[in-house]
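Each residue takes its place number in the sequence, starting with 1. Everything numeric here is computed off the predicted structure, so don't read it as measured data.
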Amino acid sequence: MPELRLSIAQHYHERTKYDPQTIAAKNQGLDWSKQPVPFKEYKIGSSFDLKSYLQEQPEALLDRPDELWWRRLSRLLHCSYGVTARMPSMGSAVYLRAAPSAGGLYPAEVYLVSRGTRLLPPGLYNYQSRNHSLMHYWESDVWQSLQEACFQHEALEKTEIAIILTAVFYRSAWRYEDRAYRRIFLDTGHLLGNIELASAMNDYRPHLIAGFADEAVNEILYLDTSQEGSTAVIPLADLLDSNQHLTPSRTSLSSATETDYPKIADGELLTYFHQATYIPASKTDKTEPPFVKKENPSEDKYNFPFCQKISTATTQPINWATKLTGLENTILKRRSTRAYSGDNLKLDELKALLDFTYQPQNYTAQNLDVSPDYCDLNLIETFIAVSGVEGLESGCYYYAPKAQELRQIRFKNFRRELHFLCLGQNLGRDAAVVLFHTADLKTAVSLYGDRVYRYLHMDAGHLGQKLNLAAIHLNLGVSGIGGFFDDQVNEVLGIPGDEVVLYITTLGRPR
């Protein structure tokens with residue numbers, strides 16, 4: 001029998017792995033003369049300045065509902081993707097944003113679509129993070145077109161505004177080449193994590209739509225698809241409007257699974273792969289959208305025999321004080337840690353990090369979303385390499401979120417190996433904990449087609465951002481790593497071979 005060919009998602013993953021034998025040849029250096037600009041500019045349009053609303057306190061606006069509405073939208077956008085610092089650099093300043101981005105390249109763009117409200121005219125807006133404003137660049141009503149592009153998604157029936165996220169591919173590919181696609185969707189996940197939490201702080205409920213007709217959404221935004229593509233549509237339900245209290249519904253649709261693809265040259269794989277994962281608008285003509293019903297398993301995936309099990313249930317969940325101070329300040333002051341001291345974490349600190357990231361039901365009293373939207377979190381698994389946690393033996397553990405326990409699979413201190421696996425970065429060696437998000441890619445493709453590669457990385461990035469914020473709030477260090485020796489991670493740590501590594505988050509005490 002002929003050997004079954006890998007799908008394009010599996011082919012892309014294999015092609016973009018880092019390997020110790022070949023990585024040196026891939027490192028050709030950067031052409032700084034071609035460094036991309038991480039901001040989009042418009043020559044025509046009207047600007048809505050949002051800066052003044054950052055200073056107003058909500059109590060002062062209770063008798064001024066129009067200004068309160070603008071304040072909520074202003075702070076939502078600022079805490080999602082706003083500029084939080086301006087750093088001097090060679091020739092030009094570097095603007096840091098609320099959401100982390102691999103290499104500080106910020107491939108995402110944030111658009112706002114208005115159905116036409118009393119305060120926000122209908123049409124298309126681009127969020128200008130550098131000066132915190134909305135650029136109204138298209139004035140016609142496109143809401144019906146957006147509904148059609150999203151297969152009449154329930155969340156668009158009663159909402160009045162929606163965020164659309166896109167990626168400008170070259171911003172990331174300039175540095176990371178074809179592997180940039182992984183980082184682009186991890187960055188999208190970081191942004192989704194911020195949108196989830198910033199929405200809760202400002203009385204919105206975001207409804208993620210990751211399955212949509214790509215070409216139709218791109219056309220709505222007037223994108224140059226050779227440079228930029230849509231990644232997520234997020235209708236915002238206004239929780240101060242009783243008509244917009246919506247129940248969570250479908251987020252992800254399946255795409256085709258492509259196995260008959262040509263030989264693709266290096267440098268062209270990213271664009272080819274992205275377009276191969278499109279969902280065609282023709283699905284709406286005669287058939288139902290290719291919706292995948294999510295089954296919620298009652299047990300965690302791995303239960304290794306005779307392994308040591310440690311409960312991660314905590315009676316001390318993170319206290320965010322009030323929803324407009326503790327969490328907001330954490331989002332705005334978040335930075336990726338550059339170096340760790342090598343000192344241990346406390347077991348209670350690790351438990352608190354896992355609790356906030358994986359157990360949202362524990363945060364009802366703090367006005368956070370207890371059932372946030374993901375693409376399909378059932379596909380994501382978590383493994384944790386422990387190098388320095390007081391009261392916890394060094395080794396590699398599987399985290400079982402349903403049982404809320406760590407299950408040890410390897411007994412060893414992996415500091416030296418983690419330094420190697422993370423491409424020689426000291427962050428891997430000196431961290432107290434290195435957390436790995438993984439997925440069974442073959443099974444995931446069988447469920448959702450090749451588009452699932454987007455979903456997996458968005459969900460991993462979303463989880464990673466919640467880990468980021470929990471760590472910063474606890475005065476710990478945290479940094480994500482998207483570059484690693486893929487196959488060697490599984491071999492060294494004992495992670496099952498079917499699991500592909502999506503993302504690494506390092507945690508420790510900052511130096």
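A cation-pi arrangement is absent between R511 and Y340, since the terminal nitrogen or guanidinium carbon is not both under 6.0 Å from the aromatic centre and inside a 45° cone about the axis. Geometric assessment of R454 against the ring of Y448 yields a negative cation-pi assignment under the 6.0 Å and 45° thresholds. Geometrically, K17 does not engage F485 in a cation-pi contact defined by less than 6.0 Å to the ring centre and at most 45° from the axis.
Ring centroid separation for the pair F484 and Y18 does not come in under the 6.0 Å cut-off. Taking the six-membered ring wherever Trp is involved, the centroid distance between the rings of F39 and Y95 falls below 6.0 Å. The ring of Y358 has its center closer than 6.0 angstrom to the ring center of Y399. The six-membered or imidazole ring of H132 lies near that of Y127, with a centre-to-centre distance under 6.0 Å. Residues H457 and Y503 place their aromatic rings such that the two centres sit no closer than 6.0 Å.
Under the 4.5 Å side-chain criterion, counting only non-hydrogen atoms from C-beta, D214 is not in contact with T225. For the pair R205/D373, a side-chain contact is recorded, criterion being any heavy-atom separation below 4.5 Å from C-beta on.
Y111 and K40 are linked by a side-chain donor-acceptor pair at a separation below 3.5 angstrom, with hydrogens and angles left out of the test. Judged purely by distance below 3.5 Å, without hydrogens or angles, the side chains of D355 and Y363 pair a donor atom with an acceptor atom. H419 and Q425 are not linked by any side-chain donor-acceptor pair at a separation below 3.5 angstrom, with hydrogens and angles left out of the test.
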